[in-house]
Amino acid sequence: MSILDRFAVTDQVAIVTGAGRGLGAGTAIALAEAGADVLISARTQKQLDRVADAVRATGRRCLVVPADLSDLDAVAGLAQAAYDEFGRLDTVVNNVGGTFPTEFLKTTNDFLNEAFSFNVTTAHALSVAAVPLMLKSPALDGGAQQSIVTISSMMGRTADRGFIAYGTAKAALAHWTKMAAQDLAPSIRVNGIYVGSIMTSALEYVAGQPEMMDQLETKTPLGRVGEPEDIAAAVLYLASKAGQYVTGKLLEVDGGIQQPTLDLGFPDISAPDATS
């Protein structure tokens with residue numbers, strides 16, 4: 001097997017959540033280009049259809065499952081849907097997640113719980129449903145590298161104002177990754193990615209603000225915002241035989257940043273106005 005062959009996932013089957021655009025879309029297409037059939041899921045049918053067209057253009061199959069992935073039953077059901085359609089399941093990419101920045105005193109208990117559920121519990125629900133199906137999937141020539149990959153964030157390893165919910169949830173997802181790797185070894189590898197600033201729809205507003213974009217770029221050692229393909233390449237490494245000796249690890253794919261790169265301008269906490 002050549003070194004390039006180790007990056008192939010030929011005839012394997014992957015699930016990618018949050019696959020309608022951005023990181024999820026780029027990852028689904030990358031896995032297909034490397035030889036996998038893919039189930040993609042997100043809320044918006046039209047977005048998924050565009051990604052499915054790109055997957056099928058590689059010659060691979062694609063199953064589109066529109067769903068509200070905050071619904072734990074819906075997200076867990078993706079595992080059986082993939083297995084029923086393709087007859088096996090090899091890779092799960094837990095990409096769904098995200099939470100808006102919010103000031104500390106405006107971060108309610110419900111908001112914090114929702115952030116944890118959407119970023120962590122969804123990954124757990126899908127993985128718990130997927131693991132039995134991954135274990136009973138028939139062997140492929142050369143052996144399938146069965147793998148779970150989580151998409152965390154650099155805010156899960158650094159700290160800044162406004163990210164008490166998002167950063168805490170992403171840090172929890174990173175530690176979930178390490179714990180799950182211990183539980184599932186040696187049968188299934190579990191790894192994750194600390195994602196930096198990537199040019200997706202989430203940064204559309206920032207991209208239109210030169211001063212904010214300058215912050216992102218100048219505070220990033222590599223001097224640029226990342227592309228979805230930067231993350232997709234890391235997912236492929238972790239999901240393929242190229243990463244066969246890696247489990248319980250979080251790759252930092254973030255342009256080299258060691259601290260937050262965007263000041264959102266949240267003010268210091270102060271006492272309430274006595275006249276109000």
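This chain uses plain numbering: 1 for the first residue, then up along the sequence.
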Sub-3.5 Å donor-acceptor pair from the side chain of [X] to the main-chain atoms of [Y], do we have one?
X: Thr58; Y: Ala54; answer: no
X: Ser240; Y: Ala242; answer: yes
X: Thr220; Y: Leu222; answer: no
X: Arg88; Y: Pro138; answer: yes
X: Arg189; Y: Gly243; answer: yes
X: Gln12; Y: Asp90; answer: no
X: Asn191; Y: Gly248; answer: yes

Gap separating the [atom1] atom of [X] from the [atom2] atom of [Y], nearest 0.5 angstrom:
X: Gln182; Y: Thr177; atom1: CD; atom2: OG1; answer: 12.0 Å
X: Phe104; Y: Phe266; atom1: CZ; atom2: CZ; answer: 13.0 Å
X: Ile164; Y: Met155; atom1: CD1; atom2: CE; answer: 9.5 Å
X: Glu252; Y: Ser152; atom1: CD; atom2: OG; answer: 10.5 Å
X: Arg50; Y: Gln47; atom1: CZ; atom2: CD; answer: 6.0 Å
X: Leu140; Y: Gln146; atom1: CG; atom2: CD; answer: 8.5 Å

Within a strict 4.5 Å, meaning less than it, do heavy atoms of the [X] and [Y] side chains meet?
X: Leu63; Y: Val38; answer: no
X: Lys136; Y: Tyr83; answer: yes
X: Arg60; Y: Glu33; answer: no
X: Lys178; Y: Leu250; answer: yes
X: Pro260; Y: Phe163; answer: no
X: Ser187; Y: Leu135; answer: yes
X: Leu251; Y: Tyr237; answer: yes

Connected via hydrophobic side-chain network under 4.5 Å: [X] and [Y]:
X: Ile148; Y: Ile193; result: no
X: Val253; Y: Val149; result: yes
X: Ile29; Y: Val92; result: no
X: Leu23; Y: Leu236; result: yes
X: Leu78; Y: Val16; result: no

Quiz item: Are any of the side-chain nitrogens in Arg56 or Asp37 under 4.0 Å away from the carboxylate oxygens of its partner?
Solution: no
Exercise. Answer yes or no: is there an ion pair linking Arg43 with Asp71, defined by an N-O contact shorter than 4.0 Å?
Key: no
Practice problem: Give a yes or no on this: more than 12 heavy atoms of other residues, nucleotides or ligands lie within 6.0 Å of atom CG of Asn109. | Solution: no
Practice problem: Evaluate whether atom NZ of Lys249 has more than 12 neighbouring non-hydrogen atoms of other residues, nucleotides or ligands under 6.0 angstrom away. | Solution: no
Practice problem: Decide yes or no on side-chain contact (heavy atoms from CB on, under 4.5 Å) for Met154 and Val195, but give the supporting numbers first. | Solution: CA-CA 6 Å; Met154 54 80 63; Val195 174; over 6 Å; no
Could you report the tightest heavy-atom contact between [X] and [Y], atom names first, then the distance?
X: Val51; Y: Ala19; value: CG2-O, 3.3 Å
X: Val64; Y: Ala52; value: CG2-CB, 3.6 Å
X: Gly20; Y: Ala42; value: N-CB, 3.7 Å
X: Val120; Y: Leu173; value: CG2-N, 3.8 Å
X: Ala171; Y: Gly156; value: CB-O, 3.3 Å
X: Ala169; Y: Ala115; value: CB-O, 3.6 Å

Quiz item: Sequence neighbours excluded, which residues qualify as side chain to side chain donor-acceptor pair (under 3.5 Å) partners of Gln258?
Solution: none
Quiz prompt | Residue that, paired with Leu126, satisfies side-chain contact (heavy atoms from CB on, under 4.5 Å) out of Thr121, Val93, Val75 | solution = Val75
Quiz item: Which residue, Val65, Ile40, Leu39, forms the side-chain contact (heavy atoms from CB on, under 4.5 Å) with Ile15?
Solution: Leu39
Exercise. Can you spot which of Thr99, Thr168, Thr150 makes a side chain to side chain donor-acceptor pair (under 3.5 Å) with Asn119?
Key: Thr99
Exercise. Test side-chain hydrogen bond (donor to acceptor under 3.5 Å, both in side chains) on Asp110 and Thr108 and set out the steps.
Key: CA-CA 5 Å; Asp110 286 345; Thr108 65; 5.4 Å; no
Self-check item: Pair Thr17-Asn94, side-chain donor/acceptor within less than 3.5 Å
Solution: no
Exercise. Show the numbers, then the answer: is there a side-chain contact (heavy atoms from CB on, under 4.5 Å) between Ser41 and Leu69?
Key: CA-CA 8 Å; Ser41 186; Leu69 298 180; 3.6 Å; yes
Quiz prompt | Pair Ile188-Val131, side-chain contact (heavy atoms from CB on, under 4.5 Å): steps then yes or no | solution = CA-CA 8 Å; Ile188 298 172; Val131 164; 3.9 Å; yes
Exercise. Give the C-alpha distance, both sets of side-chain angles, the deciding distance and a yes or no for salt bridge (Lys or Arg N to Asp or Glu O under 4.0 Å) between Asp254 and Arg157.
Key: CA-CA 12 Å; Asp254 55 17; Arg157 64 175 183 84; 2.3 Å; yes
Self-check item: Evaluation steps, side-chain contact (heavy atoms from CB on, under 4.5 Å), between Ser153 and Tyr166
Solution: CA-CA 9 Å; Ser153 166; Tyr166 178 74; 3.3 Å; yes
Practice problem: Write out all pairs satisfying salt bridge (charged side-chain N to carboxylate O under 4.0 Å, His left out) with one or both partners inside residues 227-237, taking only residues at least two apart or from two chains. | Solution: Arg224-Asp230
Exercise. Could you list all the salt bridge (charged side-chain N to carboxylate O under 4.0 Å, His left out) pairs where at least one residue sits in residues 159-173, not counting sequence neighbours?
Key: Arg161-Asp268
Self-check item: Plane angle bin for His124 and Trp176 - parallel if under 30°, tilted between 30 and 60°, otherwise perpendicular
Solution: perpendicular
